[in-house]
Amino acid sequence: MREQLFEQFESALRALLGEAGDPGALPEFALEAPRSPDHGDFACNAAMLLAKRLRRPPRDIAEQLVALLPEHGDRVHRAQVAGPGFVNVWLAGERWHELLGRVLEEGGSFGHSSIGEGQRVQVEFVSANPTGPLTLGHGRQGVLGDVIATLLEANGFDVTREYYFNNGGRQMRLLGDSVRARYLELLGSAAPPPEELLGDSEAQWPEEIDGLPVVFPRDGYQGAYITDLAQGLRDEYGDALADPEDPDIFKRTAEEVIFAAIRKTLDTVGITFDVYSNESDLYSEGRIEETLGDLRGKGLVYDKDEAVWLKATDLGLDRDRVLVKRTGEPTYLLPDIAYHREKFRRKFDVVLDVQGADHFEQFPFVRKAAAALDCPEERMELVMHQFVTLTRGGEQVKQSTRRATYVTVDELVADVGVDVFRFFMVRRRAESHLDFDLDVAKDKDWKKNPAYRVQYAHARTFGIERKATEKGVAMPERTSIDVSPLTLPEEIELLKKLSEFPEIVNQAALTREPHHLAYYAEDLAGLWNPYVQDGSNHRVLGDDEALTNARLGLVLGVRTVLANALGLLGISAPEHM
RNA sequence: GGCCCUGUGGCGCAAUGGAUAGCGCGCUAGACUUCGGAUCUAGCGGUUGUGGGUUCGAGUCCCACCAGGGUCGCCA
């Protein structure tokens, strides 16, 4: 519909430029649905863009354009110059009614497109190292990445969801040492560090207390789950691990157990990955050495202070970075670079990293270095998101990662449910701080809780169907509904809103901004709920059979679009509430 | 201090460079009397942090400044 109109405008504009003796290209004009319905179904800004070039007033050009339109197509019913030089057009025929037919016909695939043309996109997200439970930041990232991936799939991209984690370095060793320390404390052969010093990052603690050594590492993981892990090992092995044959058992067990817990959490919130990849494999496959060698070959590596440096300043960045530490151990930067090369070796057309703001600084180094190794820089994208804070009773809930006194994804989901969790996490623009208001999230009142507002709007379509069945009124066949009796302004507004859905899905995917979808769902629900609620003017089930049938068609259309929107968000679309 | 994100009605937020800046909560005033009802309608509320600039047109782009958050490690 819009495509045909667009062509009509292009053709008319070509004629207009011809008359003006201008051989130049058409301007990149916009043809979009204006905010206000008074401004027609579509508005075109071409006249304003041409004003300077043709040295004529924009309204004058717009008049000419309006005059030319009828010779170049038949989609325009009425056209009018407005404002500074917009051409507002009203479409011919029963355009919104046609649209509902399309919604009903396409059903679950309405809103989907094939513009991705099967391009392979890798979306890397969460990627939390297995050192503890998922935090709310991970939760936000998980939902964000998952919905972006789903949106891309809905637009014809071939998507791989991937989780990458570092399990080679110091952090994992620290994790193992933390578990070992707690284990020894449980055996009574080590003393825990003084409680009051744990929260203080500057504090030193004595090497022994009451004759027992303090082995808990200075930067160790302090969460209660570490002690649980130690207890588990003690239950299984008794005191046999005080001097274990396999010194890696603490680290290995911790990684396995924590990673299993993370996967369970992800499963609970409806996130599944196609591929898990990790740092260790990059080592064993020789990718780390290879990447370092290739960087060296490009003259981007030098030695200083017994460490190996990346000459990032040669790549336009503000400082150099260490690739291999004095200890001989690579920093995380080197494997990250190797990993991004690996992505392109695996033939992805686009790779998309979803990361929290705390990691943002890292990305430019990885991208520039990978680009120097012949990876296409513009095909490495970053979606950065800000943090999540939790509010309860108007007060921010204090969270401390260091002391592990933070609310986990598991806890929050147990508290508010998966659907509310996902909806709230994806409602805000990624770059905005997200304030998760527990009071709103836990409110069961659909008027107060936006997640329920959308779900309830969907459930109501079934409520009406149930009512119809009760009254002996049959639901119409999806393929043969005459919706022309729908003429009330609120009905046209609903039809228009339904028509916007494909564009929203498309834009949200291409801009990697899934919050548009959540907003759209709220908008549609915000039109639908009052329509249903205010039965005085337009009860769906009335005496007029044709009108009833048409309104039942609208019910089905709204249901379809709400269900599709909720589906893309990974949220259930209930029939009852 | 450098870099990044944010700043929009009382609160929480939205707005491919387009027309009169939208939505929810809250607030105010009316209406309905249980139907598919955990009601509806209307209204009040804004110099989009400040000051310049680009543009036919700026919440949006550029510059400076102010405020909040993040980040600047041979941590991940």
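All heavy atoms count here, side chains included; hydrogens, waters and symmetry mates do not. Fair warning: this is a prediction, and the values are worked out from it, not measured in the lab.
Side-chain atoms of A:W528 come within 3.5 Å of backbone atoms of A:A457 as a donor-acceptor pair (strictly under, hydrogens ignored). Side chain of A:N549 to main chain of A:L552: no donor-acceptor pair is present (N/O by atom type, distance under 3.5 Å, no hydrogens or angles). In terms of modelled atom types and a separation under 3.5 Å, the side chain of A:E124 and the main chain of A:E162 share no donor-acceptor contact. Under a 3.5 Å cut-off, the side chain of A:R512 and the backbone N or O of A:A509 do form a donor-acceptor pair. Without hydrogens or angle criteria, A:Y225 side chain to A:T131 main chain gives a donor-acceptor distance under 3.5 Å. Judged by distance alone, with hydrogens and angles left aside, the side-chain atoms of A:N529 form a donor-acceptor pair with the main-chain N or O of A:A525 at under 3.5 Å. Although no hydrogens or angles enter the test, the distance criterion places no donor-acceptor pair under 3.5 Å between the side chain of A:N88 and the main chain of A:G40.
Side-chain atoms of A:T331 lie closest to B:C74 of the nucleotides B:C40, B:C74, B:C25. Comparing B:C75, B:C74, B:C40 by their closest approach to the side chain of A:K447 singles out B:C40. Nearest to the side chain of A:R453, among B:G24, B:C5, B:U71, sits B:G24. Here B:C40 is the nucleotide among B:C4, B:C40, B:A76 with the atom lying nearest to any side-chain atom of A:W446. With B:A38, B:G37, B:A19 as the candidates, the nucleotide lying closest to the side chain of A:D445 is B:A38. Here the nucleotide nearest the side chain of A:Q533, chosen from B:G37, B:U6, B:G24, is B:G37.
Among the protein residues, A:F387 comes within range of the sugar-phosphate backbone only, with heavy atoms under 4.0 Å from sugar or phosphate atoms but none that close to a base. Here A:N166 lies in heavy-atom contact (under 4.0 Å) with sugar-phosphate atoms only. Nucleic acid contact class of A:R170 (heavy atoms, under 4.0 Å, all strands): sugar-phosphate only. Contacts of A:Y332 with the nucleic acid, taken as non-hydrogen atoms under 4.0 Å apart, include base atoms. Nucleic acid contact class of A:H516 (heavy atoms, under 4.0 Å, all strands): sugar-phosphate only.
Distance noted for atom C1' between B:C74 and B:G70: 23 Å (whole Å). Spacing between B:C11 and B:G57 at atom C1', rounded to whole Å, works out to 32 Å. Nucleotides B:U50 and B:G10 have their P atoms positioned 13 Å apart, rounded to a whole Å. Look at the C1' atom in both B:U41 and B:U33: the space between them is 16 Å, to the nearest Å. When the C1' atom is used for both B:G26 and B:C44, the distance is 12 Å, rounded to whole Å.
Listed by residue number, the members of residues 315-325 of chain A with any heavy atom below 4.0 angstrom from RNA chain B are A:R319, A:V322, A:K325.
Per the geometry, CE belonging to A:M384 stands 16 Å off P belonging to B:G69, to the nearest Å.
Base pairing of B:A67 is made with B:U6, judged by Watson-Crick or G-U wobble geometry with both donor-acceptor distances under 3.5 Å. Across all strands shown, B:G43 forms a Watson-Crick or G-U wobble pair with B:C27, both key distances being under 3.5 Å. When Watson-Crick and G-U wobble pairs are counted only if both distances are under 3.5 Å, B:G1 pairs with B:C72.
Ring geometry for A:Y164 against A:Y339 counts as parallel: the plane angle stays under 30°, on a 0 to 90° scale with 60° as the upper cut.
Judged by distance alone, with hydrogens and angles left aside, A:D358 brings no side-chain donor or acceptor close enough to the base of B:A76 to form a pair under 3.5 Å.
In the model, A:H359 has no side-chain atom that pairs as donor or acceptor with a side-chain atom of A:D353 under 3.5 Å. For A:Q171 and A:N166, the side-chain atoms include no donor-acceptor pair closer than 3.5 Å. No side-chain donor from either of A:D437 and A:T391 sits under 3.5 Å from a side-chain acceptor of the other.
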Extract from the structure each pairing of a protein N or O with an N or O of nucleotides 8-13 of chain B at less than 3.5 Å, listing the distance.
residue	atom	partner	partner atom	Å
B:G12	O2'	A:R428	NH2	3.1
B:C13	O2'	A:R428	NH1	2.7
B:C13	O2'	A:Y519	OH	2.2

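Where A:K444 and A:D523 meet RNA chain B, the nucleotide closest to each residue was compared, and A:D523 sits on the side nearer the 5' end.
For the pair A:R453 and A:Y456, the cation-pi criterion (under 6.0 Å, within 45° of the ring axis) is not fulfilled.
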Legend entry - Nucleotide-resolved protein contact map, nucleotides 56-61 of chain B, B/S/- at heavy-atom distance under 4.0 Å: B-----
